[in-house]
Number of protein chains: 2
Amino acid sequence: MADLNAPATSDLRPSGGDRIARQDEPVWDIIELLFFAYRDFVSEPDDVLAKLSFGRAHHRVLHFVNRNPGMKVAELLDILKITKQSLGRVLKQLVDQGYVVQKEGANDRRQRLLYVTSKGETLAIKLAGLQTARVARALGELGPNGYEAARRFLTALIDSDNRDGVLRIIARADRARRQRS
Amino acid sequence: MADLNAPATSDLRPSGGDRIARQDEPVWDIIELLFFAYRDFVSEPDDVLAKLSFGRAHHRVLHFVNRNPGMKVAELLDILKITKQSLGRVLKQLVDQGYVVQKEGANDRRQRLLYVTSKGETLAIKLAGLQTARVARALGELGPNGYEAARRFLTALIDSDNRDGVLRIIARADRARRQRS
DNA sequence: GCATTTAGGTCAGCCATATTGACATATTTC
DNA sequence: GAAATATGTCAATATGGCTGACCTAAATGC
């Protein structure tokens with residue numbers, strides 16, 4: 001096994017081990033690592049989904065509905081940044097096959113609030129489990145501050161004008177989950 | 001602006017600020033941050049490409065050919081993990097429009113080695129510049145060890161049976177680049 | 001109470017990008 | 001000379017985006 005603690009490109013870097021931004025020089029390694037990491041990150045769920053004749057689009061819908069029970073269709077569209085026609089297709093399949101149900105809003109009866117069924121929750125958790133195993137393994141290879149560093153780096157990559165919204169979505173889902181459990 | 005240094009879910013975590021792996025509990029935040037971060041990471045290049053009637057597939061081809069001049073078609077297929085039919089379509093468009101050229105291999109004349117033209121290099125660097133600006137901004141928000149931590153985290157996310165290969169590809173491209181410049 | 005807005009759904013068609021399978025050509029290797 | 005290799009191509013199919021148009025039902029505003 002290669003020495004993963006030795007920077008692959010250490011000979012390019014100053015002694016501190018940290019990158020000093022060279023103007024005009026792209027950060028090729030981070031760009032490529034993001035590509036490879038994301039490719040592998042979604043590949044295991046993709047395989048599971050393929051056996052159910054589902055795709056990555058179904059995963060995203062199932063994931064966010066599971067995390068935010070009772071979410072409005074409009075909220076989901078905003079998170080996924082796709083059109084309602086695109087959502088409609090995959091959502092219909094998830095509903096028809098019993099992974100997701102829609103309930104009329106109590107206050108506003110125009111709303112079709114989204115919930116996973118127990119079948120849907122089982123699948124959502126199975127898929128999250130695959131990704132969690134990967135992330136946990138990765139964090140395990142890092143030092144004690146790995147989780148915090150990863151979280152901060154990923155957060156900082158998000159569009160700054162969107163970041164607060166994203167963090168709110170995540171925090172809200174965490175809070176709701178904690179209350180249910 | 002929200003306090004980005006305060007963990008969004010700090011109330012969930014033990015005092016050290018670091019995550020202690022709770023068995024059976026998915027790392028929802030990292031999973032979702034990866035989704036949002038990657039979505040934004042590719043969005044600016046996507047916009048530029050759309051004006052040229054290109055898509056993300058063209059970006060990936062152009063990127064890796066630019067980084068690895070003289071690369072074989074088979075290598076590219078292996079990196080992208082797509083079929084040659086899928087590659088063929090986008091590669092043909094890049095060649096037809098003068099972004100990429102193919103040269104017969106000197107040793108093995110069956111090979112069609114891939115190179116970017118200066119037009120291709122210009123576009124590749126423009127796209128990498130957008131992503132570099134985002135990464136540099138993100139790293140700038142982190143501490144002095146941010147770059148190293150990000151690199152290690154992303155590396156650790158990659159399939160372990162593939163990681164050495166990926167690191168070799170990146171290191172090789174870096175070495176070749178250094179020699180050219 | 002009626003007009004407008006909002007939440008959501010749907011039909012039709014188009015495009016990009018991926019797939020499988022079959023087959024073709026040139027070249028290298030054994 | 002046969003087999004393997006590198007690459008290209010044709011045809012069909014699937015997924016998941018998109019735009020544009022149009023619809024219903026319910027809430028909201030005056």
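Side-chain atoms are counted along with the backbone in the values below, which use heavy atoms only and exclude waters and symmetry mates.
- The nearest whole Å value for the distance from the CG atom in A:L76 to the P atom in C:dG9 is 10 Å.
- Both A:E104 and B:K92 lie close to DNA chain D; mapped to their nearest nucleotides by heavy-atom distance, the more 5′-ward contact belongs to B:K92.
- If A:N107 and A:Q93 are placed on DNA chain D by their nearest nucleotide, the residue sitting closer to the 5' end is A:Q93.
- The distance between atom CG of B:L87 and atom P of C:dA16, rounded to the nearest whole Å, is 17 Å.
- The residue A:G55 sits close only to the backbone: its heavy atoms come under 4.0 Å of sugar-phosphate atoms, none of a base.
- Residue B:H59 contributes atom NE2, which lies 18 Å from atom P of C:dA16 at whole-angstrom precision.
- Tested against B:Y38 for a ring-ring contact (aromatic ring centres under 6.0 Å, His included), the candidates A:F35, A:F36, A:Y38 yield a single pass: A:Y38.
- Checking C:dT17, C:dG8, D:dG8 against the side-chain heavy atoms of B:A57 singles out C:dT17 as nearest.
- The closest side-chain heavy-atom distance from A:V95 to A:Q102 is below 4.5 Å.
- Between B:R56 and C:dA18 there is no side-chain N or O to OP1 or OP2 distance below 4.0 Å.
- Heavy-atom neighbours of A:K81 NZ from other residues, nucleotides or ligands within 6.0 Å: above the threshold of 12.
- In this model, the phosphate group of C:dG9 is approached by a side-chain N or O of A:Q102 to a distance below 4.0 Å at OP1 or OP2.
- Atom CD in B:Q111 sits about 15 Å away from atom C1' in D:dG8, given to the nearest Å.
- When the side-chain nitrogen and oxygen atoms of A:H58 are compared with OP1 and OP2 of D:dG16, one or more of them lie within a distance under 4.0 Å.
- In this structure, the CD atom of A:E75 is 15 Å from the C1' atom of C:dT6, given to the nearest Å.
- Nearest nucleotide to the A:R109 side chain, out of C:dG9, D:dA26, D:dG8: D:dA26.
- Between A:L157 and A:L34 there is a side-chain heavy-atom pair separated by less than 4.5 Å.
- Judged by distance alone with a 3.5 Å cut-off, a donor-acceptor contact links the side chain of A:R110 to the base of C:dT6.
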**Report entry** Trace of the side chain to side chain contact (heavy atoms under 4.5 Å, CB included) decision for A:D159 with B:R134
**Finding:** CA-CA 9 Å; A:D159 281 352; B:R134 179 180 297 270; 2.7 Å; yes

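- Protein atom CG of A:L77 is 16 Å distant from nucleotide atom P of D:dG16, rounded to whole Å.
- Contact annotation: side chain of A:R89 to base of D:dG17, donor-acceptor pair present below 3.5 Å.
- Taking atom CG on A:D46 and atom P on C:dT19, their separation rounds to 11 Å, with Å as the unit.
- The CZ-C1' distance, from A:R112 to C:dT10, rounds to 14 Å in whole Å.
- Both B:L77 and B:L80 are part of a single hydrophobic cluster, where members link through side-chain heavy atoms under 4.5 Å apart.
- Here the side chain of A:I82 is nearest to one of C:dG8, D:dG17, C:dA18, namely D:dG17.
- If you check C:dT17, C:dA7, D:dC18 against the side chain of A:D108, the one that comes closest is C:dA7.
- One finds a side-chain N or O of A:S86 lying less than 4.0 angstrom from the OP1 or OP2 phosphate oxygen of D:dC18.
- A donor N or O paired with an acceptor N or O is not found under 3.5 Å between the base of D:dG16 and the side-chain atoms of A:Q85.
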